[in-house]
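Counting from 1, the numbers follow the sequence of the chain as shown. Every heavy atom of this structure was used, including side-chain atoms; hydrogens, water molecules and symmetry mates were not.
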Amino acid sequence: MFTVLSLVAQEKALFCPMLLSEEEQKATGYDRQRKMYPLGSRQRLSAAALKDGSDFLKKKELAKAMEEFNRAWRFDPTTPHAYWMAAIVRSMEGKDLKDSVLQKKCFEDGLKLFEMASKL
């Protein structure tokens, strides 16, 4: 509840690098981070982050959940689950915002993330 209240007070969306363009991802080094681990390790780390994020989501700790889903994506961008779960967080985030422009952006981001998940 505190996370949602602080989010409303700040009126800004949680950071979701999955929504960055490929160029922005390369500029921030996300693609480089992935190359540091073998595939099996990346998949295990991603699965653990998905579990942790789901636990935070159940507690409605949106910021922590998004952090974990971002981490899952960083380790394994081929898993649709990271995108799907981030879309849920983004949509939940949007429903509690007062700023209609930011609220619309969050819902649009959620739809983009659902679409990205469905492609995988």
Side-chain angles (χ1 to χ4, degrees):
M1 181 70 171
F2 175 76
T3 303
V4 172
L5 291 176
S6 65
L7 200 66
V8 171
Q10 295 173 6
E11 290 292 319
K12 66 178 188 173
L14 297 170
F15 180 59
C16 185
M18 290 176 236
L19 294 166
L20 297 175
S21 69
E22 284 188 42
E23 297 79 33
E24 291 169 318
Q25 289 177 28
K26 287 181 182 180
T28 55
Y30 287 118
D31 62 329
R32 195 172 50 243
Q33 284 179 326
R34 291 183 193 116
K35 295 173 186 172
M36 295 169 52
Y37 297 90
L39 179 62
S41 296
R42 290 194 321 253
Q43 290 171 331
R44 280 191 300 279
L45 290 165
S46 180
L50 285 169
K51 185 205 173 302
D52 292 344
S54 296
D55 291 343
F56 285 125
L57 185 58
K58 287 176 192 169
K59 298 179 205 171
K60 306 274 191 275
E61 295 182 36
L62 300 183
K64 289 180 180 178
M66 183 64 89
E67 226 175 89
E68 292 302 316
F69 298 137
N70 285 331
R71 188 166 63 101
W73 166 80
R74 280 195 317 266
F75 285 114
D76 185 5
T78 65
T79 180
H81 303 96
Y83 297 93
W84 190 268
M85 298 306 286
I88 292 170
V89 171
R90 184 61 103 215
S91 299
M92 289 175 68
E93 176 185 8
K95 85 176 179 59
D96 293 323
L97 294 171
K98 302 287 185 237
D99 180 342
S100 62
V101 173
L102 188 54
Q103 187 178 48
K104 182 181 177 194
K105 171 99 172 88
C106 283
F107 289 133
E108 288 171 349
D109 287 351
L111 290 173
K112 269 189 228 172
L113 290 161
F114 280 130
E115 188 177 309
M116 293 164 91
S118 73
K119 288 180 182 176
L120 294 172

*Asks:* Could you tell me whether the side chain of Pro17 reaches within less than 4.5 Å of the side chain of Phe15, counting heavy atoms only?
*Replies:* yes

*Asks:* Which pair of heavy atoms, one from Ser54 and one from Met85, lies closest together, and at what distance?
*Replies:* OG-CE, 3.7 Å

*Asks:* Is any side-chain N of the basic residue among Glu108 and Lys112 closer than 4.0 Å to the acidic one's carboxylate O?
*Replies:* no

*Asks:* Just how far is it from atom OG1 of Thr78 to atom CG of Leu39, taken to the nearest 0.5 Å?
*Replies:* 7.5 Å

*Asks:* State plainly whether one hydrophobic cluster holds both Phe114 and Leu57, where clusters connect Ile, Leu, Val, Met, Phe, Trp and Tyr through side-chain heavy atoms under 4.5 angstrom apart.
*Replies:* yes

*Asks:* Atom NZ in Lys98, atom CG in Asp96: separation rounded to 0.5 Å?
*Replies:* 7.5 Å

*Asks:* Where is the tightest heavy-atom contact between Phe107 and Lys95, given as atom of each residue plus distance?
*Replies:* CZ-N, 3.6 Å

*Asks:* Quick one: do the Ser46 and Gln43 side chains pair a donor with an acceptor below 3.5 Å?
*Replies:* no

*Asks:* Which heavy atom in Gly53 sits nearest to a heavy atom in Ala65, and how many Å separate them?
*Replies:* O-CB, 3.5 Å

*Asks:* Any side-chain heavy atom of Leu113 within less than 4.5 Å of one from Trp84?
*Replies:* no

*Asks:* For residues 16-40, pull every pair meeting ring pair (Phe, Tyr, Trp, His ring centres under 6.0 Å), keeping only residues two or more places apart or in separate chains.
*Replies:* Tyr30-Trp73, Tyr37-Phe75

*Asks:* If you take all heavy atoms of Glu93 and Leu14, which pair is closest and at what distance?
*Replies:* OE2-N, 2.6 Å

*Asks:* Give, for atom CG of Asp109 and atom CE of Met116, the distance between the pair rounded to the nearest 0.5 Å.
*Replies:* 10.0 Å

*Asks:* Measuring from Glu23:CD to Gln25:CD, what's the distance to the nearest 0.5 Å?
*Replies:* 9.0 Å

*Asks:* If I compare all heavy atoms of Val89 with all of Leu62, which pair ends up nearest, and what's the gap?
*Replies:* CG1-O, 3.7 Å

*Asks:* Salt bridge (Lys or Arg N to Asp or Glu O under 4.0 Å), that's the test. Do Lys59 and Asp55 meet it? Break it down for me.
*Replies:* CA-CA 7 Å; Lys59 298 179 205 171; Asp55 291 343; over 6 Å; no

*Asks:* When you group the ILVMFWY residues by side-chain heavy-atom contacts below 4.5 Å and let the links chain together, are Leu97 and Val101 in the same group?
*Replies:* no

*Asks:* Please list all pairs meeting salt bridge (Lys or Arg N to Asp or Glu O under 4.0 Å) that have one or both residues in residues 67-80, counting only residues at least two apart or in different chains.
*Replies:* Asp52-Arg71, Glu68-Arg71

*Asks:* Just wondering, do Cys16 and Asn70 contact through their side chains at under 4.5 Å, heavy atoms?
*Replies:* yes

*Asks:* Tell me whether Leu120 is reachable from Ile88 by hopping between hydrophobic residues (I, L, V, M, F, W, Y) whose side-chain heavy atoms are closer than 4.5 Å.
*Replies:* yes

*Asks:* Which heavy-atom pair separates Arg90 from Ala13 by the least distance, and what is that distance?
*Replies:* NH1-CB, 3.7 Å

*Asks:* Is there a side-chain contact (heavy atoms from CB on, under 4.5 Å) between Met18 and Phe69? Walk through the geometry before answering.
*Replies:* CA-CA 9 Å; Met18 290 176 236; Phe69 298 137; 4.3 Å; yes

